[in-house]
Amino acid sequence: MKRRIASWENGHSAPDDFYGRLLCEAYTLSAAELGLNHEGERDTGLLDASYPASPEGAIDTVGQLWRADLNRYEPLLHAEPSEPAWNEASLRWLVAPEPAVPRQRRDGMRVGFGDVAAVKTTADMFAELDDRFGGDHARHAAVQYLSTEVTPLLRGQYREQVGRALFSTVAEATLLAGWMSYDACRHGLAQRYFLQALRLAQDANDRRLAGSILSAMSHQATFLGRYTQAATLARAALMGISPVATPTLRAQFHAMEARALARTGDVRACEAALTAATKALESRNSDDEPEWISYFDEAELAAEAAHCFRDVNSARKAVAHAENAMSGSHVRSDFFATMVLADAHLRAGDVEEACRVALDALDLGEQLKSARCISYLAEFRQNLAGVGSNRDVQTLTDQVRDHRLWLAAGGQADS
C-alpha cells in the first residue's frame with residue numbers, strides 16, 4: 001500500500017475507481033478537488049445491483065467487487081439486496097441473445113486451459129473449506145485469490161473455446177463467493193456476486209450453471225422473506241434450462257420452489273413441488289450430471305423437505321424427513337438439518353428430544369463460522385423461550401451457556 005501511495009504522489013499513476021472513492025471520502029473532497037482524472041471520478045456502480053450489459057461489463061464489475069470486498073469497503077459489505085435486481089436478472093437471462101466473449105486485449109497475458117484448470121482446483125479447495133468450516137472461515141482468502149490471480153486471466157488473451165471454459169469456471173468461483181457471503185449474512189454483497197456469476201455463465205453458454213445460480217438466488221430470497229421472488233427465480237431456473245436440464249437440477253429447482261411456497265403457506269403447491277423433486281431425483285444418472293451438483297442427493301432433498309414441512313407446521317413429517325437428512329459428509333448442511341429436526345421436535349411438543357438434538361447440533365457446529373447457522377439457532381432459542389420454565393430447557397441451557405454459537409445466537413434472539 002505504501003508503494004501505491006508513493007506512486008500516486010510522484011505522479012506515476014492515479015488512484016483507480018475504488019481507491020479514488022476512498023480518498024474522496026477520507027479527505028471529504030470531490031474527485032476534481034483531489035485532481036483525479038475522469039476515470040477516477042466515475043462512479044464504480046458497486047452499490048448498483050444491476051445485471052451487466054456486456055461481458056466486458058461483468059469483468060470490470062466483478063473485479064471491482066472483489067477488490068472492494070478485499071479492502072472491506074463498508075458501504076458494500078453492509079449493502080441491502082435489491083428486490084428488482086432478482087426480477088431483472090432472471091428476465092434478462094431468459095431472453096438473452098447469443099453468448100459473447102469480450103474483446104481481446106493485446107496487452108493481456110496469454111491464457112490457456114491449464115490456467116482454467118488451476119482456477120477450478122483452487123476454487124474446489126475453497127468450496128471444501130466453506131462446507132466444513134462455514135462461509136466466514138476462508139471467505140477473505142477466497143476473494144483475495146479471485147482478485148489477485150483471476151482478474152488478470154479475465155483481462156488476458158484467449159481463444160474463444162478457452163474463454164468459454166474460463167468464464168464458466170470463474171462463474172462457478174464467483175457463485176461460491178456469493179454463497180460464502182450469503183452464509184456470512186452479507187446479503188447485498190452476495191446478491192451482487194450472484195448477478196455477476198450469472199452474466200459470466202451466460203457468456204460461457206453454460207445454461208446449467210446459470211440455472212443453478214438462479215436457484216442460489218431463490219434460496220437467498222426465501223431466507224430473506226421475499227417468497228414471491230424466490231418462487232419466481234426457481235421457476236425461471238427450471239424454464240431457462242429445460243432443454244438441457246438434468247434430473248438432479250430439476251429436483252433442486254423444484255425443491256427451491258417448494259421452500260418458497262411453504263413459507264407462503266400454500267401447502268398443496270408446496271407438496272406438489274416436493275413430489276416433482278422426488279420423481280426427478282429418482283431418475284437421475286450420476287454420469288450425466290455436472291460435477292458441482294453431485295452434493296444434491298436423497299439426504300439433501302430430505303433436508304429441503306424437512307424445512308418445508310416445518311414451515312407449514314407439519315411437525316411429524318418434518319421430523320421424519322429431517323431424520324433422513326444427515327449426510328455425514330457435509331458439516332454445515334448436517335447442522336442445518338439437525339437444527340430443523342430440533343425445531344420440529346419442539347413444535348411437536350417433544351421438548352426433551354428437541355433439547356437433546358439441539359445439543360447434538362451445537363457439538364456438530366463447534367467449528368463453523370457462519371452467521372446463517374447462528375440465525376437458525378437464534379430462531380430455535382426464541383421458540384424454546386416460548387416453552388417457559390422446563391427442566392429439560394434448564395438442563396440444556398446449563399450445558400451450553402458458554403458455547404460460542406449459543407452465545408452468539410442469544411444476541412440475535414434478544415434483538
Side-chain angles (χ1 to χ4, degrees), residues 81 83 86-87 90 135 175 178-179 182-183 185 187 190-191 194 211-241 245 247-281 293 295-327 330 332-344 347 370 372-373 375-376 379-380 383:
E83 289 193 33
W86 283 316
N87 296 328
S90 58
L175 171 61
W179 274 114
Y182 168 22
D183 198 47
C185 288
H187 290 297
Q191 184 192 50
F194 290 150
S212 190
I213 295 165
L214 286 176
S215 179
M217 292 181 182
S218 173
H219 197 292
Q220 184 192 29
T222 294
F223 183 83
L224 293 172
R226 277 56 175 260
Y227 309 128
T228 300
Q229 289 89 344
T232 299
L233 286 163
R235 291 165 185 153
L238 189 61
M239 179 189 306
I241 74 163
T248 304
L249 285 170
R250 288 200 302 273
Q252 184 192 56
F253 302 161
H254 283 304
M256 289 304 99
E257 182 184 10
R259 285 280 295 270
L261 293 169
R263 286 290 193 172
T264 68
D266 192 339
V267 179
R268 181 176 296 180
C270 171
E271 291 184 340
L274 284 176
T275 299
T278 301
K279 288 181 178 178
L281 198 61
I293 196 62
Y295 77 93
F296 197 90
D297 54 14
E298 288 82 1
E300 192 71 20
L301 181 56
E304 301 297 349
H307 278 85
C308 291
F309 286 116
R310 179 202 62 177
D311 293 340
V312 298
N313 294 316
S314 294
R316 293 302 177 191
K317 287 184 178 180
V319 168
H321 284 282
E323 287 176 340
N324 293 322
M326 310 304 166
S327 68
H330 300 291
R332 183 178 50 207
S333 294
D334 285 351
F335 175 89
F336 289 144
T338 307
M339 283 310 308
V340 170
L341 178 59
D343 206 33
R347 297 186 186 202
S370 163
R372 197 155 49 107
C373 289
S375 73
Y376 271 61
E379 184 177 8
F380 176 78
N383 294 335

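All values derive from a computational prediction rather than experimental measurement.
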Original post:
If you take all heavy atoms of F296 and A255, which pair is closest and at what distance?
Top reply: CZ-CB, 4.0 Å
Between side-chain atoms of residues 215-225 and protein atoms elsewhere (two or more places apart, or another chain), which donor-acceptor pairs fall under 3.5 Å?
residue: S215; atom: OG; partner: Q252; partner atom: OE1; Å: 3.4
residue: S218; atom: OG; partner: A230; partner atom: O; Å: 2.7
residue: H219; atom: ND1; partner: Y182; partner atom: OH; Å: 2.9
residue: Q220; atom: NE2; partner: H187; partner atom: O; Å: 3.0
residue: Q220; atom: NE2; partner: H187; partner atom: ND1; Å: 3.3
residue: T222; atom: OG1; partner: S218; partner atom: O; Å: 3.3

**OP:** Go through the structure and list residues passing side chain to side chain donor-acceptor pair (under 3.5 Å) with R250, not counting sequence neighbours.
**Re:** none
Residues 264-281 side chain polar contacts: donor-acceptor under 3.5 Å, at least two apart:
residue: T264; atom: OG1; partner: L261; partner atom: O; Å: 2.7
residue: T264; atom: OG1; partner: D266; partner atom: N; Å: 3.4
residue: D266; atom: OD1; partner: A269; partner atom: N; Å: 3.2
residue: T275; atom: OG1; partner: E271; partner atom: O; Å: 2.9
residue: T278; atom: OG1; partner: L274; partner atom: O; Å: 3.0

**OP:** Could you list the residues that satisfy side chain to side chain donor-acceptor pair (under 3.5 Å) with S370, not counting sequence neighbours?
**Re:** D183
Subject >> Smallest separation among heavy atoms of I213 and F194, with atom names >> reply: CG2-O, 3.4 Å
Original post:
What distance separates L341 CG from D334 CG, expressed to the nearest 0.5 Å?
Top reply: 11.5 Å
Subject >> Contacts of type ring pair (Phe, Tyr, Trp, His ring centres under 6.0 Å), residue F336, not counting sequence neighbours >> reply: Y376
Subject >> Shortest non-hydrogen separation from A303 to H307 and the atoms involved >> reply: O-ND1, 2.8 Å
Original post:
About how many Å separate OG of S333 and CD of E300, when rounded to the nearest 0.5 Å?
Top reply: 4.5 Å
**OP:** Just jot down the side chain to side chain donor-acceptor pair (under 3.5 Å) partners of Q191, sequence neighbours excluded, or say none.
**Re:** none
**OP:** Report the residues that fulfil side chain to side chain contact (heavy atoms under 4.5 Å, CB included) with N383, sequence neighbours left out, ordered by chain and then residue number.
**Re:** D343, L346, R347, E379
Subject >> Which atom of R310 lies closest to which atom of A318, heavy atoms considered >> reply: N-CB, 3.5 Å
**OP:** Can you tell me which residue pairs pass the salt bridge (charged side-chain N to carboxylate O under 4.0 Å, His left out) test with a partner in residues 220-230, sequence neighbours excluded?
**Re:** E83-R226
Original post:
What pairs with A306 under side chain to side chain contact (heavy atoms under 4.5 Å, CB included), at least two apart in sequence or on another chain?
Top reply: H321, A322, V340
Subject >> With D297 via side chain to side chain donor-acceptor pair (under 3.5 Å) - residues at least two apart >> reply: none
Original post:
What pairs with S90 under side chain to side chain contact (heavy atoms under 4.5 Å, CB included), at least two apart in sequence or on another chain?
Top reply: L214, L233, A236
Subject >> salt bridge (charged side-chain N to carboxylate O under 4.0 Å, His left out) against R263, all qualifying residues, sequence neighbours excluded >> reply: D311
